[in-house]
Amino acid sequence: MKPAVTYELLHIDKNSGARRGVVHTPHGDIQTPIFMPVGTQATVKSMTPEELKEEVKAQIILSNTYHLYLRPGHEIVKEAGGLHNFMKWDRPILTDCGGFQVFSLSDLRTISEEGVEFRSHLDGSKHLFTPEKVMEIEEALGADIIMSFDECCPYPSTYEYTKNSMERTTRWAKRCKEAHTTTDKQALFGIIQGGFYEDLREQSAKDLIDLDFPGYALGGISVGEPKEEFLKMLYHTTPLMPENKPRYLMGVGSPDYLIEAALAGIDMCDCVLPTRIARNGTAMTSHGKVVVRNATYERDFSPLDPECDCYTCKNYTRAYIRHLVKANEILGVRLLSIHNLRFLTKLMEKVRIEIENDNLLNFRDEFYQKYGYTK
RNA sequence: GUGUUAUUAGCUUAGUUGGUUAAAGCGUCAGAUUGUGGAUCUGAAGAUCACGGGUUCGAGUCCCGUAUAGCACC
């Protein structure tokens with residue numbers, strides 16, 4: 001049977017590993033490489049679906065198993081007709097499995113072979129996530145792409161801990177695959193782990209490829225390590241991932257990391273960074289980060305980014321947005337979120353064009369120079 | 001006019017029987033943020049303790065006077 005999600009390779013950049021492609025899903029095609037906005041609780045914070053489509057031009061968004069399971073409960077989302085109906089988003093959705101929450105809520109969790117026991121951050125109640133349970137939840141939510149249940153090791157972790165964790169994650173991935181029933185409507189992706197140890201990454205990739213998932217994610221990097229470590233693992237692991245399937249790098253969202261990911265041959269990235277820093281008064285621009293909350297912009301009547309085509313930049317000034325942020329007005333968060341998300345989706349539009357022109361390496365160097373990065 | 005209460009950081013306040021470098025919240029200024037427990041978190045600057053005297057080894061704290069504000073009564 002044809003999987004719910006397939007990858008079509010259009011072009012490989014002749015000067016790098018970057019690939020231009022299309023991911024076909026039940027709710028439409030995704031042009032890759034792509035950045036995916038995160039909507040943890042069935043909403044990209046402060047954005048309507050119309051804004052995501054028309055202003056941000058988002059092709060796919062993420063949501064989260066852990067959070068929706070706890071509130072409102074996956075049964076309610078299922079009753080609503082699934083996540084797409086519930087939140088009025090008719091394009092593709094990817095649900096994260098809650099593995100990262102297991103990591104970030106580590107003071108409350110107990111990991112065993114069976115799964116993870118944890119306490120709800122909302123009311124302290126005890127819950128058990130097993131691979132089978134996570135599949136039940138993700139099937140109820142009904143996203144196009146669902147993630148297998150994994151453990152994301154903290155940085156740094158010892159070789160032994162990382163190895164045991166990675167091997168358990170592989171066993172969990174197998175159980176996820178066996179428990180997954182809606183294969184015609186939802187594609188289950190495996191998550192490669194192995195921390196910052198090259199041989200563990202190789203082992204993880206090999207074992208997961210043997211399980212034949214319709215797509216693969218690179219997890220457990222961009223967890224606080226130095227950039228050199230990140231790049232080393234990225235460039236080591238990505239070539240291990242199958243060429244005929246989508247490659248998803250989890251948790252990456254700064255402009256430089258996104259370009260590096262594309263260069264390495266990654267197709268999909270997601271991150272909370274653009275929406276999170278928006279809520280704290282910061283904009284991403286083609287000339288670097290602008291902390292618009294700062295006093296420097298009190299009388300700056302120019303747009304956040306003069307090169308940006310978004311609703312915010314077409315209509316509002318830095319001084320006004322600064323005022324909204326300082327006054328704690330909701331509109332400030334909304335305008336910055338629109339801009340930051342549009343900045344990244346547009347960056348990836350450019351990346352796709354540059355790949356088609358075999359020019360992504362040059363583009364990276366120009367971008368770094370302009371953005372103020374020193375590679 | 002008389003009595004009374006108050007006056008401490010930009011604002012609102014804490015400050016024990018007088019005892020190290022006067023504290024906090026908000027505000028201001030800045031930093032952080034990468035598969036969202038984040039309209040969050042961290043840090044910094046900012047005070048002649050209304051003013052002038054006095055008592056004391058030592059005063060934001062006790063005494064006197066002045067100023068300003070509130071309240072009560074003429």
Side-chain angles (χ1 to χ4, degrees), chain A residues 35-47 60-71 94-109 118-124 134 138 143 145-155 169 189-193 216-227 229-230 234 248-258 260-261 266 268-284 289 291-298 322 324-337 340 344:
Chain A
F35 172 77
M36 309 182 284
V38 179
T40 303
Q41 309 204 66
T43 167
V44 177
K45 293 186 193 300
S46 86
M47 305 272 84
I60 172 175
I61 60 173
L62 258 74
S63 202
N64 188 275
T65 299
Y66 170 87
H67 288 280
L68 294 180
Y69 159 77
L70 288 180
R71 182 173 59 191
L94 183 157
T95 44
D96 187 23
C97 62
F100 187 76
Q101 283 62 44
V102 167
F103 157 57
S104 65
L105 302 174
S106 60
D107 52 327
L108 301 174
R109 60 118 159 94
F118 62 92
R119 287 180 178 277
S120 161
H121 68 282
L122 297 173
D123 61 7
V134 168
E138 293 200 88
I145 298 171
I146 64 179
M147 303 306 297
S148 63
F149 189 52
D150 72 332
E151 185 198 355
C152 179
C153 287
Y155 177 85
T169 286
F189 281 23
I191 305 177
I192 298 169
Q193 289 291 349
Y216 288 89
L218 171 45
I221 66 173
S222 193
V223 288
E225 74 282 1
K227 189 173 178 182
E229 290 279 299
F230 165 81
L234 170 67
Y248 163 31
L249 171 60
M250 309 181 83
V252 158
S254 64
D256 54 329
Y257 276 39
L258 287 172
E260 295 291 353
I266 290 291
M268 309 155 69
C269 292
D270 78 286
C271 197
V272 304
L273 190 66
T275 42
R276 176 175 289 172
I277 66 175
R279 273 175 277 126
N280 298 316
T282 302
M284 295 172 173
K289 198 164 79 171
V291 185
V292 75
R293 148 172 57 80
N294 286 1
T296 326
Y297 305 108
E298 195 175 25
R322 173 177 195 268
L324 294 177
V325 170
K326 298 295 285 186
N328 208 16
E329 283 290 342
I330 301 165
L331 185 59
V333 170
R334 282 171 39 69
L335 293 178
L336 278 167
S337 294
N340 283 348
L344 291 186

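Letters go in sequence order (proteins before strands), and every chain restarts at 1. Computed over heavy atoms, backbone and side chain alike; hydrogens, waters and symmetry mates excluded.
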Item checked: P atoms of B:C41 and B:G25, separation to the nearest Å -> 11 Å
Notebook entry, point to check: Which value, in whole Å, describes the distance between the C1' atoms of nucleotides B:A9 and B:U16?
Noted result: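 Their C1' atoms lie roughly 23 Å apart.
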Notebook entry, point to check: Any side-chain donor paired with an acceptor under 3.5 Å for A:D256 and A:S254?
Noted result: yes
Note to self: For A:Y66 and A:D96, which I'm curious about, is there any donor-acceptor pair between the side chains at under 3.5 Å?
What the structure shows: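 Their side chains do not contain a donor-acceptor pair, so the 3.5 Å distance test is not met.
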With a non-hydrogen cut-off below 4.0 angstrom, is [X] in contact with a base, only sugar-phosphate, or nothing?
| X | answer |
| --- | --- |
| A:C97 | base |
| A:D270 | sugar-phosphate |
| A:E225 | nothing |
| A:S46 | nothing |
| A:G253 | base |
| A:D150 | base |
| A:I330 | nothing |
| A:V38 | base |

Check: Should the pair A:F230 and A:Y257 be assigned to parallel (<30°), tilted (30 to 60°) or perpendicular (>60°) ring geometry?
Finding: parallel
Side chain of [X] - closest among [options]:
| X | options | value |
| --- | --- | --- |
| A:R276 | B:A39, B:G35, B:U34 | B:U34 |
| A:H67 | B:G37, B:G35, B:C29 | B:G37 |
| A:A295 | B:U36, B:A30, B:U33 | B:A30 |

Value in whole Å for how far the [atom2] atom of [N] lies from [atom1] of [X]:
| X | N | atom1 | atom2 | value |
| --- | --- | --- | --- | --- |
| A:I266 | B:G35 | CD1 | C1' | 13 Å |
| A:R293 | B:G31 | CZ | C1' | 8 Å |
| A:K326 | B:G10 | NZ | C1' | 14 Å |
| A:N294 | B:A44 | CG | C1' | 13 Å |

Next item on the list: Look at A:Q101 and B:U36 and indicate whether a side-chain polar atom (N or O) is within less than 4.0 Å of OP1 or OP2.
Entry: yes
Note to self: Under a 3.5 Å cut-off for both contacts, is B:U48 paired Watson-Crick or G-U wobble with anything, and if yes, with which nucleotide?
What the structure shows: none
Next item on the list: Kindly indicate whether the side chain of A:S104 and the base of B:U36 share any N or O donor-acceptor pair separated by less than 3.5 Å?
Entry: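 A donor-acceptor contact between them is absent.
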Notebook entry, point to check: With a 4.5 Å limit on heavy-atom distance, are the side chains of A:I277 and A:M284 in contact?
Noted result: yes
Next item on the list: Using heavy atoms to find the nearest nucleotide of RNA chain B for A:S222 and A:H121 separately, return the residue whose nucleotide is more 5′.
Entry: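 Closer to the 5' end of RNA chain B: A:S222.
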